[in-house]
Amino acid sequence: MSRYNAKATEAKWQKVWADAKTFKTDTNSDKQKYYVLEMFPYPSGRIHMGHVRNYTLGDVVARYRRANGFEVLHPMGWDAFGMPAENAAMERKVHPADWTYDNIANMRDQLKQVGFAIDWDREFATCDAEYYGKEQQLFIDFFKNDLVYRKESWVNWDPVDNTVLANEQVIDGKGWRSGADVERRKLSQWFLKITDFADDLLDGLKTLDRWPDKVRLMQENWIGRSEGLKFDFTVDETGEKLPVYTTRPDTIFGASFCAISADHPLALKLAEDNAEMAAFMEECRAGGTTEEAIEKAEKKGFNTGLHVQHPFDPEWKLPIYIANFVLMDYGTGAIFACPAGDQRDLDFARKYDLPVIPVVLPEGEEEAGFTIGDEAYTGPGKMINSRFMDGMAHTDAKAAMIDRAESEGWGERTVNFRLRDWGVSRQRYWGTPIPFVHCDDCGVVPVNSEDLPVKLPEDVSFEKPGNPLEHHPTWKHTKCPSCGKDAVRETDTMDTFMDSSWYFLRFVTPDAEAPFEAGAVNEWLPVNQYIGGVEHAILHLLYARFFTRALNHVGRTDIKEPFEGLFTQGMVNHATYKDTNGDWVFPELVRNREDGTLFRSDNGLEVTEGRIEKMSKSKKNVVDPDDIIDQYGADTARWFVLSDSPPERDLLWTESGIEGAWRFTQRVHRMVLETAKDLPAAGTAVPTDLSDSALQMRKAVHKTIKGITSDIENLHFNKAVARIYEYANAVSAKSEGAGSAEVKREALETLILLISPMMPHLAEEMWKELGHDSLVSEANWPKAIEEFTVDNTVKMAVQVNGKVRDTIEVAKDMPKDEVEAVALASEKVKNFIDDKTIRKVIVVPGRIVNIVAN
RNA sequence: GCCCCUGUGGCGGAAUUGGUAGACGCGCGGGAUUCAAAAUCCCGUUCCCUUACGGGAGUGUCGGUUCGAUUCCGACCGGGGGCACCA
């Protein structure tokens with residue numbers, strides 16, 4: 001018997017599907033709709049195993065839903081704008097567009113080889129003017145609805161390359177290319193008012209019950225809603241107001257200083273004639289801006305010499321410091337500090353020798369001896385040293401303080417968010433141009449919609465540092481859309497997260513004149529199952545949720561949430577290898593010696609195996625999907641990425657694992673070919689009279705259908721794979737007598753149907769081998785016949801004092817007392833009860849009997 | 001620093017969510033087939049004691065709740081992730 005030729009067979013069926021447009025979606029179908037989407041890829045050049053895993057997961061869902069009668073939308077596109085294309089342009093002198101479209105062509109070919117059930121007719125790239133022109137339209141819509149504004153904002157500035165750097169391009173405070181010290185600069189930039197939706201984005205999380213809890217929690221923390229008190233201090237020396245926000249108004253009598261951000265207006269004003277202070281503020285700005293950097297940095301301050309009056313005692317003066325841990329973006333950019341109740345404040349107070357007054361007494365502590373050492377106390381407790389709040393629980397004190405401030409009129413209850421508005425300006429070429437014009441007379445004016453898209457100029461140079469749009473000779477010179485006078489185009493382009501915030505809408509009606517057709521979008525959205533990496537848990541998913549709300553707000557859709565179900569898959573890992581020179585070695589070059597040591601096949605150097613890590617080019621622990629498909633076929637690769645690990649966890653890629661998967665594809669092929677000729681014709685009914693072994697097999701068939709169906713519904717693909725292995729063993733078992741041939745056919749056909757979402761090419765080939773003229777991709781998902789999924793008897797463990805001593809097989813519906821009698825009758829059990837007295841017998845029907853004796 | 005996740009044989013992982021721990025796969029050992037190999041098939045495989053029959057221990061560590069804990073609670077130890085211009 002010939003072996004299964006995966007390569008030829010897979011190409012054959014891919015052509016059949018493509019020619020027949022098997023996976024084309026009818027947007028206006030009457031069938032129940034199901035939208036399954038994997039996060040679209042960045043066209044980096046070649047697909048990697050992470051892509052194979054991601055798109056295979058989605059493909060199983062898509063094919064499974066199709067088989068269950070849904071009209072499935074499963075599209076593919078390209079997240080095609082972004083920095084790597086510009087880097088390639090600089091390094092290799094290729095145009096970003098050429099580089100990107102070449103990469104797309106490559107990756108499209110690669111993806112098609114894996115045999116995904118995708119409607120390729122809907123494909124687009126976000127760098128198509130056709131796409132980003134619509135995005136510009138939406139941006140102008142948002143502008144007209146007051147969701148877009150401009151403000152000054154800080155950027156990382158590379159003074160040598162004359163360019164704005166992304167955080168990842170700043171390494172130890174230096175520009176990644178120039179090595180120059182990075183400066184912070186203020187630029188006028190475009191923002192989207194995501195904060196308008198902060199409460200709604202938070203509330204919406206509660207409705208997303210098919211999202212991982214982890215992702216919802218991350219978003220919740222990101223939005224960071226807090227309730228507190230906002231009030232004005234009075235600056236003692238000047239009488240000015242200094243607004244502060246605090247989430248701990250209960251600790252106000254523990255206040256020992258006031259801290260303001262280095263970007264605070266008061267600080268800026270004071271620094272005008274204080275060079276030392278200005279230098280300190282510069283130093284604050286030079287530090288990292290990430291939360292981590294701020295939290296880890298040493299707490300430093302600069303005494304302004306000014307004071308504020310305590311709100312409850314005008315004679316009580318608190319010094320005002322400029323501090324490096326206070327952010328201008330959060331709250332009012334000014335805080336009062338209670339060192340006893342906040343670690344940062346405490347570190348600061350110790351450093352500058354400021355008072356530390358405990359105000360919250362932990363339970364079990366005596367007020368008399370209680371002091372704060374090196375650790376602030378942030379937990380619950382009773383108020384002390386706090387006048388009218390003394391004795392209250394700290395939470396009650398917080399409410400009482402806010403109430404008092406409000407009734408006395410000097411402060412107000414305030415909800416604050418950590419979430420900041422979304423800065424979408426990028427000073428780069430390869431992105432969606434922001435469709436605005438700067439006119440001396442009319443100000444900032446949107447481009448007229450009939451003039452969209454504002455296309456990127458093609459003749460650009462990356463020789464000069466900085467934004468190519470900025471120094472293009474003609475592109476930015478235009479006429480004002482409003483008054484017609486000479487004017488200048490905006491040269492900022494949009495954050496690529498804009499592009500990925502609505503692509504899932506465009507897929508529904510990819511040829512629409514408008515960005516999308518609302519009617520169809522309202523029918524198809526939200527996406528029923530969205531699948532992608534957890535690295536997008538916050539930004540992409542939050543921006544997409546915001547964008548969807550914004551579109552709803554401007555009247556373009558009826559939907560609020562874009563993704564009903566979310567699944568975040570794990571990474572693909574592989575062992576790392578290093579040779580004796582300390583160079584990383586590709587796994588394909590590593591060979592085994594008899595004694596278990598490793599060497600390089602190309603130069604014979606000794607190799608040691610290192611840690612298991614995420615596949616990455618830098619460590620060379622990568623396996624190229626093309627090589628795997630070439631060697632084993634796409635089905636084997638698909639089968640392997642589905643097996644072994646739960647999809648939400650990391651997958652360990654191993655040579656032996658992929659070989660195991662390959663053996664199974666061969667096994668299925670062999671099982672069908674060896675047996676097909678002896679089977680009754682396709683469509684033969686299974687008789688009701690069955691021999692014992694035939695009945696046994698039929699039960700396995702229907703139990704398996706039931707199990708696999710539930711596994712796939714719950715995305716437990718690794719369990720489905722394990723169950724199919726078990727099932728294959730059952731189908732291979734001998735069965736003879738009445739009905740055995742008919743059951744064998746049913747069993748084999750079921751096997752093929754069940755693997756068809758996972759190994760579609762093999763399934764197609766075997767379906768034909770079993771005598772079918774139709775495509776298995778068009779076949780219905782098998783239905784379990786309930787009567788064959790249940791057994792009349794059940795095996796139960798019998799424990800004595802919690803230890804299993806025997807198992808009994810009893811009728812499924814046997815009453816408890818009878819089960820107990822059977823259990824007690826067991827010789828083995830009797831031996832263990834011995835002369836002990838039976839105190840209690842617990843019978844859990846169908847599960848266990850536990851006899852407690854002593 | 002803060003927040004979150006995770007820990008089960010030699011390995012990846014199952015365990016109907018409080019009810020027989022180790023399904024299934026990989027690896028390993030033994031056997032069959034073969035002139036031989038590849039491929040394939042069968043048997044065994046948590047650890048310790050025992051020829052066997054059996055018995056004991058066991059889900060990172062230490063406690064707790066329970067008739068019963070991989071599962072729930074507390075503390076600790078190890079590994080991983082996120083923290084605003086990478087996408």
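So you know, we letter chains A, B, ... as the sequences are listed, proteins then strands, and number each from 1. Every heavy atom of this structure was used, including side-chain atoms; hydrogens, water molecules and symmetry mates were not.
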- prompt: Touch check for A:G82, heavy atoms < 4.0 angstrom, all strands: base, sugar-phosphate only, or nothing?
  reply: sugar-phosphate
- prompt: So what does A:Q343 hit on the nucleic acid, given a heavy-atom distance under 4.0 Å: a base, only sugar-phosphate, or nothing?
  reply: nothing
- request: Figure out the CZ/P separation between A:F497 and B:C86, and round it to whole Å.
  value: 8 Å
- request: Measure from the ring center of A:W502 to the ring center of A:Y131 and say whether it is less than 6.0 Å.
  value: yes
statement: Pairing partner of B:A52, by Watson-Crick or G-U wobble and under 3.5 Å for both distances, is none
message: In whole Å, I'd like the distance from the CG atom of A:D495 to the C1' atom of B:A87.
response: 10 Å
task: Would you indicate what A:P646 reaches in the nucleic acid, counting non-hydrogen atoms under 4.0 angstrom: base, sugar-phosphate, or nothing?
output: sugar-phosphate
field: Watson-Crick or G-U counterpart of B:A57, or none if no pair lies under 3.5 Å
entry: B:U46
- prompt: Across the strands shown, which category fits A:R805 at heavy-atom distances under 4.0 angstrom: base, sugar-phosphate, nothing?
  reply: sugar-phosphate
- request: Give the B/S/- string for nucleotides 19-24 of chain B, one per nucleotide from 5' to 3', where a protein heavy atom under 4.0 Å of the base yields B, of only the sugar-phosphate yields S, and otherwise -.
  value: BB--BS
message: Taking side chain to side chain donor-acceptor pair (under 3.5 Å) as the criterion, tell me which of A:T432, A:N467, A:T493, A:D495 meets it with A:R426.
response: A:D495
task: Give a yes or no on whether a donor-acceptor pair under 3.5 Å exists between the nucleobase atoms of B:C85, that is its base, and the side chain of A:Q189.
output: yes
message: Nearest to the side chain of A:S645, heavy atoms from C-beta on, is which of B:G13, B:A87, B:C85?
response: B:G13
- prompt: Which nucleotide in the list B:A87, B:C85, B:C4 gets nearest to the side chain of A:K214?
  reply: B:C4
- prompt: Across the strands shown, which category fits A:V534 at heavy-atom distances under 4.0 angstrom: base, sugar-phosphate, nothing?
  reply: nothing
query: How close or far is atom P of B:U17 from atom CG of A:D213, stated in whole angstroms?
result: 18 Å
- prompt: Looking at residues at least two apart in the chain, or sitting in another chain, which of them share a side chain to side chain donor-acceptor pair (under 3.5 Å) with A:E655?
  reply: A:Y632
query: With a non-hydrogen cut-off below 4.0 angstrom, is A:I538 in contact with a base, only sugar-phosphate, or nothing?
result: sugar-phosphate
field: A:W639: ring-ring contact (aromatic ring centres under 6.0 Å, His included) partners, not counting sequence neighbours
entry: A:F664, A:Y725
Partner nucleotide of B:C2 by Watson-Crick or wobble geometry (both distances under 3.5 Å): B:G82
task: Applying side-chain contact (heavy atoms from CB on, under 4.5 Å) between A:R53 and each of A:I531, A:L642, A:V572, report the one that passes.
output: A:V572
message: Once you apply a heavy-atom cut-off of 4.0 Å, does A:W422 come out as touching a base, just sugar-phosphate, or nothing?
response: nothing
message: Could you check whether the side chain of A:R428 and the base of B:C85 have a donor-acceptor pair of N or O atoms closer than 3.5 Å, going by distance alone?
response: yes
task: Under 4.0 Å between any heavy atoms, over every strand shown, what does A:H536 touch: base, sugar-phosphate, or nothing? Just pick one.
output: base
query: Base, sugar-phosphate, or nothing for A:F832, non-hydrogen atoms under 4.0 angstrom?
result: sugar-phosphate
field: Pair A:K830 + A:E827, salt bridge at N-O below 4.0 Å
entry: yes
